[in-house]
Amino acid sequence: MTSARGYAQAAKSCGYQVITLDAFADADTRNVAEQCFKVRFSEQGVDTDDFKRVFSKICLDDVAGFLYGSLFDAAPALLSWVAEQVSIIGNNPETMQLVKSLDFFVLLDNLNIQHPEVRLDLPGNTENWLCKQLGGNGGLHVKPVKYALVGDYFQRQVDGEPISLLFVADGETAKIIGFNLQLISPTDELPYRFAGAVSNVALPKQAQQKLVHAAQQLSAALGLRGINSLDAVVEGDELWILELNPRLSATFHLYPNLLQTHIQACKGQLLDFPLANDSKAQMTLYAQKTMEIASDFAWPDWVADIPYVGRDESSVNIQMNDPICSVLAEAGKATTAHQLVLQRANTLKGKLLYD
């Protein structure tokens with residue numbers, strides 16, 4: 001689950017006034033949004049009733065459109081409800097419904113795109129198998145088989161490096177924005193918890209070609225529009241597609257502001273856009289225990305998504321395993337940006353624990 005901060009900043013820099021709804025309503029988002037609403041969110045997804053209650057407070061008379069991220073991965077019906085209230089800027093709810101169902105893997109098979117084996121029933125030998133929740137995101141839906149719940153499906157575990165491709169499509173053709181390394185912050189129950197990404201990484205040429213080809217095939221087959229991302233695992237020249245996110249994702253923030261590119265692509269027009277020369281990294285810092293952060297804590301300037309402290313409060317409480325903030329880094333090479341974001345995360349962790 002991603003803060004709306006990056007999307008709000010991109011929209012404001014394009015001259016829009018912004019209203020946000022997300023699960024955090026952090027300080028950075030409040031600084032750029034005209035109105036900032038916090039909605040209830042759990043491991044199972046967004047609280048539909050609470051979202052509708054909050055959304056109904058918004059005056060839609062002058063709203064140009066609704067830009068969305070991961071909030072609706074497990075709630076395409078809610079996205080349909082939003083589309084009845086206001087024009088959505090992105091793929092339609094039917095596309096979200098399909099790609100977040102097991103029909104997505106049927107489509108991959110029909111297109112001869114390699115993916116890890118999936119099944120509905122628990123395999124006899126559970127070694128090297130994972131359970132996954134349909135519509136989950138942020139790696140919170142990927143767990144060892146022993147944590148399986150009713151409604152989960154099972155996917156064979158494959159070894160390799162988690163990567164993603166950010167691309168833009170006009171309903172037929174995909175145009176590549178960049179390749180990314182996915183970062184994880186594992187726990188025993190959540191071995192693939194998403195912790196950020198590094199942009200502009202170098203991939204083996206054959207794996208890169210397979211990933212681009214998959215994006216082209218899926219864009220044509222699904223009529224994808226706007227900016228999308230494709231998650232995969234790479235091991236040498238081998239590539240396995242894991243998920244398609246037919247909406248803005250966390251790696252959107254790691255490239256030059258492409259919001260207008262997204263908006264025009266949703267209308268069926270692919271614009272030229274600037275290519276990123278440098279690499280950016282963003283890493284989520286999670287609380288390893290329940291902690292209290294004082295309102296006067298001195299946050300470094302390379303931190304974003306800072307927790308909001310109420311006007312009459314002297315501190316904010318962060319529960320164990322909840323995100324604290326995002327750590328940022330930028331460098332000429334992806335390896336350098338990766339090293340720098342790790343160093344900064346460790347520095348900030350020490351300040352939070354010992355200051």
Side-chain angles (χ1 to χ4, degrees), residues 1-3 23-24 41-45 70 73-74 115-118 123 126-149 152-164 179-199 201 203 229-235 238-243 245 249-251 254 281-291 303-305 318-329 334-335 337-350 352-353:
M1 178 63 194
T2 305
S3 165
F24 304 105
F41 191 88
S42 69
E43 201 172 299
Q44 284 69 47
S70 61
D73 285 10
H115 65 85
E117 180 186 354
V118 296
T126 60
E127 187 177 359
N128 297 324
W129 283 86
L130 300 166
C131 65
K132 300 182 73 172
Q133 174 192 346
L134 287 169
N137 63 69
L140 303 180
H141 62 308
V142 186
K143 300 179 180 181
V145 168
K146 66 180 180 180
Y147 295 109
L149 300 173
D152 286 353
Y153 69 98
F154 302 94
Q155 186 174 68
R156 187 181 293 277
Q157 184 177 3
V158 293
D159 294 328
E161 202 163 46
I163 59 167
S164 71
F179 302 96
N180 313 290
L181 172 67
Q182 304 263 29
L183 306 179
I184 61 172
S185 179
T187 67
D188 290 340
E189 185 176 351
L190 300 170
Y192 296 98
R193 182 174 63 172
F194 180 74
V198 182
S199 69
V201 299
L203 297 179
S229 65
L230 196 57
D231 293 347
V233 170
V234 62
E235 179 69 21
E238 286 297 312
L239 184 88
W240 295 266
I241 298 298
L242 299 179
E243 295 177 1
N245 293 312
S249 67
T251 55
L254 302 181
Q282 177 172 314
M283 186 173 186
T284 302
L285 189 64
Y286 291 96
Q288 295 178 324
K289 61 180 182 179
T290 298
M291 61 192 308
V303 169
D305 306 320
I318 308 293
Q319 299 301 309
M320 180 178 177
N321 288 326
D322 279 356
I324 302 172
C325 64
S326 298
V327 178
L328 311 177
T335 51
H338 189 189
Q339 291 170 354
L340 182 57
V341 81
L342 291 174
Q343 291 170 2
R344 287 178 170 178
N346 284 330
T347 297
L348 181 57
K349 191 183 301 182
L352 288 166
L353 289 175

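When each of Thr187, Val142, Leu140 is paired with Tyr192, the side chain to side chain contact (heavy atoms under 4.5 Å, CB included) condition holds for Val142 and for no other.
Side-chain contact between Phe179 and Ile163: absent, with no pair of heavy atoms (C-beta onward) separated by less than 4.5 Å. In this structure the side chain of Asp73 never reaches within 4.5 angstrom of the side chain of His141, judged on heavy atoms. With contacts defined as side-chain heavy-atom distances shorter than 4.5 Å, the pair Gln343/Asn346 does not qualify. Two residues are said to be in side-chain contact when any heavy atoms from C-beta on lie closer than 4.5 Å; Val158 and Glu235 fail this criterion. When side chains are defined from C-beta on, Leu353 counts as touching Lys289, because their heavy atoms get closer than 4.5 Å. The shortest side-chain heavy-atom distance between Lys349 and Leu285 falls under the 4.5 Å cut-off. Residues Leu348 and Cys325 are in side-chain contact: their nearest non-hydrogen atoms beyond the backbone lie under 4.5 Å apart. Counting heavy atoms from C-beta on, the side chains of Asn245 and Asn137 never come closer than 4.5 Å.
Checked against salt bridge (Lys or Arg N to Asp or Glu O under 4.0 Å), Glu161 has no partners two or more places apart in sequence or in another chain. Judged as a salt bridge (Lys or Arg N to Asp or Glu O under 4.0 Å), and not counting sequence neighbours, the contacts of Asp305 are Arg5. When the ring pair (Phe, Tyr, Trp, His ring centres under 6.0 Å) test is applied to His115, the partners found at least two apart in sequence or on another chain are Phe105. Remark: Ser249 pairs with Leu166, Ser229, Arg247, Thr251 by the side chain to side chain contact (heavy atoms under 4.5 Å, CB included) rule, at least two apart or across chains. Considering only residues two or more places apart in sequence or on other chains, Glu189 meets the salt bridge (Lys or Arg N to Asp or Glu O under 4.0 Å) condition with Lys143.
In terms of modelled atom types and a separation under 3.5 Å, the side chain of Arg193 and the main chain of Ser185 share a donor-acceptor contact.
With rounding to the nearest 0.5 angstrom, the CD1 atom of Ile184 is 9.5 Å from the CE atom of Met283. We find the CD-OH distance between Gln319 and Tyr286 to be 15.5 Å, quoted to the nearest 0.5 Å. Atoms CD1 and CD1, on Ile318 and Ile324 in that order, are 6.5 Å from each other to the nearest 0.5 Å. Summarising the geometry, atom OH belonging to Tyr147 is positioned 8.5 Å from atom CG belonging to Leu190; distances are rounded to the nearest 0.5 Å. In this structure, CD in Gln339 is found 13.0 Å from CZ in Arg344, a value given to the nearest 0.5 Å. Once rounded to the nearest 0.5 Å, the distance linking CG of Leu130 with CD of Gln155 reads 7.0 Å.
The salt bridge (charged side-chain N to carboxylate O under 4.0 Å, His left out) analysis of residues 128-138, with sequence neighbours excluded, yields the pairs Lys132-Glu243.
Taking all atoms of both residues into account, the shortest heavy-atom contact from Val201 to Ala334 is CG1-CB, 3.8 Å. Between Cys131 and Pro144, the shortest heavy-atom contact is SG-O, 3.3 Å. Considering every non-hydrogen atom in both Leu254 and Ser199, the closest pair reads O-OG, 3.5 Å. Heavy atoms only, all atoms of each residue included: Trp129 and Val145 are closest at O-CG2, 3.2 Å. The nearest pair of heavy atoms linking Gln282 to Ser326 is NE2-OG, 3.7 Å. A pairwise comparison of heavy atoms in Gln133 and Tyr153 identifies C-CE2, 4.4 Å as the closest pair.
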